[in-house]
2 protein chains.
Amino acid sequence: MNEFELIRRYFARPAQRAVLGVGDDAAILRPAADCDLHVSVDMLVQGRHFFADVAPRALGHKTLAVNLSDMAAMGAAPRWVVLSLALPAADEAWIAGFAQGFFELAERYGVDVVGGDTTRGPLTLSVTVGGETPRGQALRRAAARPGDDIWVSGELGLGAMAVRSRLGKIAPLPDGLREAAWRKLEYPEPRIALGQALLPLAHAAADVSDGLLSDLGHIAAASHVAAEVWADALPSHPQAEAARGQWLDCLAAGGDDYELVFTAPAERRTQIEACAATAGCRLSRIGRVVAGQGVSLLDGAGTIIKLGSIGYDHFN
Amino acid sequence: MNEFELIRRYFARPAQRAVLGVGDDAAILRPAADCDLHVSVDMLVQGRHFFADVAPRALGHKTLAVNLSDMAAMGAAPRWVVLSLALPAADEAWIAGFAQGFFELAERYGVDVVGGDTTRGPLTLSVTVGGETPRGQALRRAAARPGDDIWVSGELGLGAMAVRSRLGKIAPLPDGLREAAWRKLEYPEPRIALGQALLPLAHAAADVSDGLLSDLGHIAAASHVAAEVWADALPSHPQAEAARGQWLDCLAAGGDDYELVFTAPAERRTQIEACAATAGCRLSRIGRVVAGQGVSLLDGAGTIIKLGSIGYDHFN
């Protein structure tokens, strides 16, 4: 099958909301009049964002999930995506698996695939996602205020544990932890419901993709505030609890978490704790916003902990 | 400089229309309430869509131009883009040149760069563009009707002549034609003004990126009609006129034209001819829509001409 046939066969599914989806020079969408539109893009490159032997279904899931995670961080409902793919070959089985993982997640959140471009080249995937919030209500990075609590969803460090064990940088993970780490790396779950539940509660939010301290640092810089993070409060997998010190770098700076870090006034603690149940994920209060600048990781005595790395930068 | 600094320095320019541009998990946009939103994506890969030694400024221009051309084909006003870049190295001079070409064109059309993603990898560029038309008025491929005239803008075949001469597949081009061909290949001009002028006049439209017959074929298929194209009417550069037969494959099927092919009722010929002046480009009536299916290229006697190739398919 040629390019156009492959695209048509696996990606041209009827759009649920779009006026016109795949198949013209551009899609036709009709955003709700009382909403803001949010747009974000993430690109994934083989050997940098995923291993060459990743299952195509897992890659399809993750390619969409990392983009939906950006919508979650705005508190937005994702609506549509466009996908550009450079593929080394027109491999139908690979494309079918990729499309399966991609659409399983897209359909779960009612996201239309409204356009795309496929070409031959080194395996590279780029997704642009569009979503909506009620006008003026999005969760911005610049909205943190001194006195805010800092919260994070889920468990941190699992994706980084999977990557590091696969690369032989750490010892093999025990059963249970290994499965959880690989599940997190390959099938991260974007916190869509949580993001929307936080719209009336949180001040600032970001998704944790480069590592907690790095992404929280973006909130602090945009808000002109400082953040204190309590190392002992960082949520970890139960099997990593016994040796927290060993995993601290993964928890605080590992990346590939796709959790939400957010700030909120202290008087909303009860309401935020209630979100954990409705959104189906653990929520942990991990620090506080103070005047100043930068992000500090503190031990139980309030002493600053220095880590070997903070966050993931593709060019360093 | 690292990834984030390079992006900030060259791509984080203040947005003109967007509520929030680069720098958060997603942009915030507020589309006009009485408009439809159009979204399209194009990916460019080195060695496939451009030569490895292309000037970065030319590549910046073209990367955006091919996307704006999709908006032109819908009759849409482009509003915003997001850009994902895989770069083999954090080469500041290259990025500066690329940004220069990209923003020169973006600013000419009032297009905001509202988001992006940069990673290390084989040189790959993907742009998603968003634009607007008055609600319900977009030019769709599926709207051609038997009896319509077929029109095309500008001159065809120039981009293909540049590629073929560079690859040594044809003799070196004479001065004048060579400059025009390279200008077209490297700095194509999206037909934005023309697309919008055609909104009340044309039925169906598409941009000519894969070759006239191929892109017109998409209109014919989507509209369930056939198209007859008159080979003698295809607009060529004056220096290619003397040997039209030699260039017919480039004119009809070369690709890299970024012109608009469109259909319109015969009673609008005068109005359409008037668009040529306002849109600043030549318009040529090159055929007609008839009942049936497929696209036929006809010589002066009405005999079907077979070409060696029709259109560009990356997997064949």
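Just so we're on the same page: letters track the sequence lines, and every chain starts at 1.
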Side-chain heavy-atom pair [X], [Y] within 4.5 angstrom cut-off:
X	Y	answer
A:Arg140	B:Asp25	no
B:Pro122	A:Val45	yes
B:Leu85	A:Met43	no
A:Leu29	B:Asp36	no
B:Leu83	A:Val41	no
B:Asp24	A:His218	no

About how many Å separate [atom2] of [Y] and [atom1] of [X], when rounded to the nearest 0.5 Å?
X	Y	atom1	atom2	value
B:Thr119	A:Asp42	OG1	CG	10.0 Å
A:Arg141	B:Leu20	CZ	CG	9.5 Å
B:Arg135	A:Arg30	CZ	CZ	5.0 Å
A:Asp117	B:Ser40	CG	OG	8.0 Å

Go through [options] and name the one with the most non-hydrogen pairs under 4.5 angstrom from chain B.
options	result
A:Val39, A:Asp70, A:Thr133	A:Val39
A:Gly121, A:Ala76, A:Pro31, A:Ser69	A:Pro31
A:Ala73, A:Ser126, A:Gly131, A:Ala33	A:Ser126

Contacting moiety of A:Ala222, where chain B heavy atoms sit under 4.5 Å
neither
Below 4.5 Å from any heavy atom of chain A, which atoms of B:Ala205 appear? Answer side chain, backbone, both or neither.
backbone
Without swapping roles, check the side chain of A:His38 against the backbone of B:Ala27 for a donor-acceptor pair under 3.5 Å.
yes
Partner chain A: residue of B:Ala206, B:Ala142, B:Gly115 with the largest heavy-atom pair count (under 4.5 Å)
B:Ala206
Under a 4.5 Å cutoff for heavy-atom pairs, which residue among B:Val114, B:Ile219, B:Val82 has the most contacts with chain A?
B:Val82
Counting only heavy atoms not in B:Arg17, do more than 12 fall under 6.0 Å of its CZ?
no
Taking every heavy atom of B:Met71 against every heavy atom of A:Ala26, the minimum-distance pair comes out as CE-CB, 3.6 Å
